[in-house]
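Each ligand, and each atom within it, is numbered from 1 in the order the structure gives.
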Amino acid sequence: MKLVTFLRDNYQSIGVLGSGTATLIDIQQLKGQFPSSMIDFVSLGDAGLDRLKKAVTDAPNEAVLNLADVELLAPIPVPRKNIMCVGRNYHEHAKEFHDSGFDATAGKTAVPDDPIIFTKAPTSVIGPNASIPSHLDPTNSADYEGELGVVIGNGGRGILKQDAFQHVYGYTVINDVTARNLQHKHKQWFIGKSLDGFCPMGPTLLTAGEVDDVGRLNLITAVNGEIRQDASVSDLIFDIPTLIETISAGITLEPGDIIATGTPVGVGIGFEPPIFLKPGDVVRVTIEPIGSLENTVV
Ligand code: MG
């Protein structure tokens, strides 16, 4: 299922996208008392999804809304903790970042021996079509990073690789917008990655059952229509089971937690000289069948 969080006037709920693209079903208008928050719904696990699948087949007319009449928010508009992210997780990007001079943490080799995990503040999250406030970066060095986001379903600690996909609820698209000069200046990446509005997410949360092989998903980032990133998720240096095993080894993962898996080659600092985002630029990150995440820089 393709789940969205939407706003209509001051009413917020979860929607299921119809098979066409023009309508959605408001799950709070279905029989069976569904929650309005995505984290609460994800916490219901497979039981919630099974119940929802049955309920949508019997959706009353008032549950069906036109997409044009709602505002899509990030699928999880307010994560309960920081978004966990992975640095240098595609080979060619690891090289471009290493060679760019912007990586203050760089060792001698571009490809790390172990996953590099950092986080973005929950307040950095914005939805599809929301504006990226590049003016909050005093160093004028905002850059895009198109990424596949993994949403955790069943939580846990000490999750082994072979069990990892049992803990994946679904997938979304993330733009890990980064203020490059802040990332470099402060050594630790948190400030440069966490500015308000620097984590566009969405448009949908595609449940894991709809994805046969996540490695076959393809990620494309375009800026003003020009393709900058085009890569297969199978090119990840550390795959999703490795990331889940690594993070959960001593940290409890909870339903609705989000892992941004890293970005492929083609970011702005890979150009010589670097090309940073500027007001008016439109960044579109597409991973089908999750959808396209489009945001305008202001
Ligand atoms: Mg990133």
Side-chain angles (χ1 to χ4, degrees), residues 74 79 81-100 102-106 110-112 114-122 124-126 132 134 137 141-151 171-184 186-202 214 217-223 228-233 235-240 242-244 246-247 257-271 274-277 283-287 290 293 295 297:
K81 64 173 70 134
N82 287 18
I83 296 98
M84 293 165 269
C85 307
V86 189
R88 302 209 310 254
N89 202 23
Y90 285 83
H91 283 97
E92 287 301 310
H93 170 68
K95 185 172 183 317
E96 83 176 338
F97 187 37
H98 184 264
D99 294 350
S100 73
F102 278 86
D103 184 4
T105 66
V111 175
D114 294 285
I116 297 169
I117 309 294
F118 63 94
T119 69
K120 290 171 88 79
S124 65
V125 172
I126 57 172
I132 299 169
S134 69
D137 167 22
S141 58
D143 200 358
Y144 53 87
E145 295 191 352
E147 310 201 3
L148 175 72
V150 173
V151 176
Y171 303 96
T172 190
V173 180
I174 285 174
N175 185 350
D176 175 18
V177 181
T178 306
R180 294 297 180 195
N181 286 327
L182 293 182
Q183 180 185 30
H184 184 263
H186 293 276
K187 307 297 188 282
Q188 221 277 350
W189 299 357
F190 178 69
I191 287 181
K193 296 279 191 177
S194 288
L195 302 181
D196 287 359
F198 274 40
C199 190
M201 186 193 305
V214 69
L217 298 184
N218 206 70
L219 183 157
I220 294 172
T221 304
V223 179
R228 298 278 185 85
Q229 299 183 292
D230 185 352
S232 167
V233 170
D235 293 341
L236 284 174
I237 296 171
F238 301 106
D239 63 11
I240 291 165
T242 301
L243 298 175
I244 289 175
T246 300
I247 296 170
D257 282 352
I258 303 156
I259 303 171
T261 53
T263 202
V265 71
V267 297
I269 51 163
F271 292 85
I275 304 174
F276 295 122
L277 293 171
V283 187
R284 186 180 177 93
V285 186
T286 302
I287 305 176
I290 303 168
L293 172 67
N295 301 85
V297 178

Query raised in the report: Per the side-chain contact (heavy atoms from CB on, under 4.5 Å) rule, which among Thr286, Val285, Thr263, Ile220 passes with Gln229?
Result: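 So the option named by the test is Thr263.
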
**Report entry** Listed partners of Asp137 passing salt bridge (charged side-chain N to carboxylate O under 4.0 Å, His left out), at least two apart
**Finding:**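 Listed in chain order: nothing, the list is empty.
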
Query raised in the report: Taking only protein atoms, how many N, O or S atoms are found under 2.8 Å from the Mg ion (ligand 1)?
Result: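 Protein N, O or S neighbours of the Mg ion (ligand 1) under 2.8 Å, waters not counted, come to 3.
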
Query raised in the report: Are side-chain heavy atoms of Ile240 and Tyr171 found at a separation under 4.5 Å?
Result: yes

Report summary line: In this structure, NE2 of His91 is separated from CD1 of Ile237 (nearest 0.5 Å) by 4.5 Å

Query raised in the report: Passes side-chain contact (heavy atoms from CB on, under 4.5 Å), Val214 versus Leu217? Steps please.
Result: CA-CA 6 Å; Val214 69; Leu217 298 184; 3.9 Å; yes

Query raised in the report: Testing Trp189, Tyr90, Phe102 for ring-ring contact (aromatic ring centres under 6.0 Å, His included) with Phe97, which one passes?
Result: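 Testing each of Trp189, Tyr90, Phe102 against Phe97, the sole residue satisfying ring-ring contact (aromatic ring centres under 6.0 Å, His included) is Trp189.
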
